[in-house]
Amino acid sequence: MLASATPATHQILMIESAEKLRSKRWHVQRAHFMLASLRRFATELRSEGFEVDYRRAQSFGSGIRAHRKEFRAERVIAMEPTSRAGLGMLRANHVELTRSNQFLCHPDEFSAWATGRKSFKMEDFYRAQRRRFGYLMDDNQPVTGRWNYDEENRQPPPRRSDTQRWPRPIVTPLDEIDEAVLSDLDELGVQVWGARPSGLWATSRSEAVRRLRDFVEEALPVFGPHEDAMLSDNWHLAHSRLAQYMNIGLLHPREVCDQVESAFRSGVVPIASAEGFLRQVLGWREYVWGVYWLWGSEYGKRNELEATRALPAAFLGQATTKMRCVGQTLKDLYDHGWTHHIQRLMILSNFALIAGIDPQQMTQWMWAGFVDGAEWVMVPNVIGMGLHADGGSMATKPYAAGGAYIDRMSDYCKGCAYDRRKRVGEDACPFTTLYWDFLARHEDRFAKNHRMTRQVHAAKNLADLPAVRVQATEMLHRLGRGEL
Ligand code: SF4
């Protein structure tokens with residue numbers, strides 16, 4: 001919409017909704033990122049000559065109504081929003097909608113792709129996207145003859161931690177806009193947690209573009225091989241940390257993919273890194289967006305594994321944990337409002353899955369706690385990918401793993417109070433114990449899943465399974481008391 005707007009023909013309406021701000025307990029860096037980006041954009045539009053009606057209203061609806069009344073606006077136009085609640089609000093307030101161009105695959109196009117398919121494999125969608133947009137393709141075939149470099153990209157962390165290997169993030173000093181946002185959050189009584197913003201996250205288009213360039217030049221060449229690795233002395237490794245900019249519109253996924261393509265074609269980025277990253281942006285991100293709209297509001301309420309346990313106190317900052325992997329990941333989240341995808345999937349979500357945490361509570365927590373969180377991001381990622389609460393509609397098997405996986409992919413287990421090899425005993429690793437207990441708990445369901453047969457069989461044949469199950473019950477009690 002803004003692409004065709006001019007100061008002579010359009011006035012811009014922007015609304016800060018107190019209701020929205022007070023609707024969750026946000027990570028302070030997320031709340032700041034959203035508001036500071038909005039305010040900075042208003043300043044930029046004014047400097048381009050636009051008249052901006054910037055409203056601090058009780059709700060988006062009341063802001064729209066007040067704008068209409070004051071300016072006698074005949075038409076209020078918005079781009080299709082990124083949530084069902086936003087869509088409902090705009091329709092209820094008779095706002096005209098223009099088609100969203102924020103993603104490469106519009107929900108209508110995703111729906112057309114999905115129609116008539118028995119399965120919705122991300123890999124199939126990703127290949128269709130590669131063909132459609134031509135990234136890393138020659139004559140409609142993958143440029144190297146291979147679609148997938150996951151095997152090369154699953155290496156454990158390098159043997160000795162080498163801080164020079166991982167390029168340092170850009171930091172932009174905070175200014176008066178940032179300070180005003182932080183003091184307004186305080187004044188409005190918005191509930192926040194986490195470390196104060198440090199300038200890590202860009203809140204303007206130019207700073208976001210600078211971070212994109214920096215990622216492609218410095219980090220992308222070494223992104224692939226260790227993209228699934230986790231280190232206690234480095235929270236970002238070679239990850240891009242660009243999702244929040246695409247989610248809010250400071251960057252467009254097309255320019256991100258274009259830069260990856262041209263860095264690969266110019267020979268500075270190896271194929272495994274280029275493909276691994278493109279898979280995240282062109283594949284996973286667009287797939288999750290399509291699934292959010294396709295499966296409707298009921299999808300977010302699913303709880304096929306009947307998991308009802310409350311969020312662990314450590315997740316809420318109400319207790320500490322002796323699990324070094326969880327403690328380090330929560331610290332990274334507290335410090336930056338961000339952790340990389342394997343910490344999200346294989347530490348936080350994996351733990352929630354095997355401990356039987358309520359998927360809706362987990363979704364809300366992740367939505368509010370990450371700078372790149374949003375309903376469309378977290379519902380499919382938590383309900384489908386992380387907690388298998390959709391019974392396998394999205395991922396054909398649950399992403400459950402014990403301490404052995406975490407030990408292979410991280411340096412967390414060294415120095416942990418627990419022993420990742422033990423499933424019973426005082427120092428048994430909660431991931432290991434709960435993993436086997438999870439398989440036994442859901443034996444009937446997973447025995448029918450051919451991708452799970454081997455694990456279910458192994459769990460059944462554990463000589464000490466009865467002791468493991470007793471240990472798991474005791475651990476879950478300790479978790480409830482915030483003592484794990
Ligand atoms: Fe996590 Fe278990 Fe390893 Fe400790 S031993 S870091 S709890 S996986």
Side-chain angles (χ1 to χ4, degrees), residues 154-161 226-237 307 309 311-335 339-357 362 365-366 386-388 398-441 455 458-459 462 464-465 467-484:
R154 284 195 186 124
Q155 292 181 32
R159 209 163 264 281
R160 223 180 305 137
S161 179
H226 301 290
E227 68 166 296
D228 285 3
M230 299 171 278
L231 286 170
S232 42
D233 69 355
N234 190 287
W235 61 275
H236 50 77
L237 286 85
R309 202 170 303 283
L311 273 178
F315 283 31
L316 298 169
Q318 295 162 357
T320 54
T321 173
K322 293 198 286 271
M323 294 181 280
R324 192 158 178 260
C325 53
V326 175
Q328 184 62 52
T329 302
L330 291 174
K331 182 181 182 308
D332 290 346
L333 183 61
Y334 181 91
D335 288 347
T339 71
H340 74 71
H341 67 276
I342 293 299
Q343 289 173 298
R344 298 183 198 205
L345 183 65
M346 298 311 292
I347 303 291
L348 299 174
S349 297
N350 178 23
F351 185 75
L353 170 70
I354 60 181
I357 305 299
M362 187 69 181
W365 178 72
M366 292 192 80
L387 271 60
H388 206 72
Y399 281 84
Y405 171 86
I406 294 170
D407 188 42
R408 188 165 66 251
M409 295 309 297
S410 77
D411 63 358
Y412 294 147
C413 297
K414 291 170 200 77
C416 179
Y418 299 110
D419 183 340
R420 57 103 185 149
R421 289 160 302 192
K422 292 192 184 162
R423 50 184 177 253
V424 287
E426 191 54 29
D427 59 347
C429 163
F431 276 86
T432 302
T433 306
L434 293 173
Y435 168 72
W436 291 114
D437 182 64
F438 171 77
L439 292 173
R441 228 183 299 150
Q455 291 98 312
L462 286 180
D464 58 355
L465 186 61
V468 170
R469 305 225 49 197
V470 170
Q471 174 96 32
T473 304
E474 192 269 329
M475 274 179 177
L476 291 171
H477 281 136
R478 274 164 52 203
L479 180 70
R481 296 194 301 268
E483 293 169 3
L484 200 60

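By convention here, the first residue in the shown sequence is residue 1. Remember, it's 1-based here, ligands and their atoms both numbered in the order they're listed.
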**OP:** Using ring pair (Phe, Tyr, Trp, His ring centres under 6.0 Å) as the criterion, list what pairs up with H236, not counting sequence neighbours.
**Re:** none
Subject >> K331: partners by side-chain hydrogen bond (donor to acceptor under 3.5 Å, both in side chains), with sequence neighbours left out >> reply: D335
Subject >> By side-chain hydrogen bond (donor to acceptor under 3.5 Å, both in side chains) - contacts of R408 (at least two apart) >> reply: none
Original post:
Under 2.8 Å from atom 3 (Fe) of ligand 1, which protein N/O/S atoms are there?
Top reply: C413 SG
Original post:
Quick one: do the H340 and D228 side chains pair a donor with an acceptor below 3.5 Å?
Top reply: no
Original post:
Does the R420 side chain pair with the main chain of F431, one donor and one acceptor, at a distance under 3.5 Å?
Top reply: no
Subject >> Residue among D427, T433, T432 satisfying side-chain hydrogen bond (donor to acceptor under 3.5 Å, both in side chains) with K422 >> reply: D427
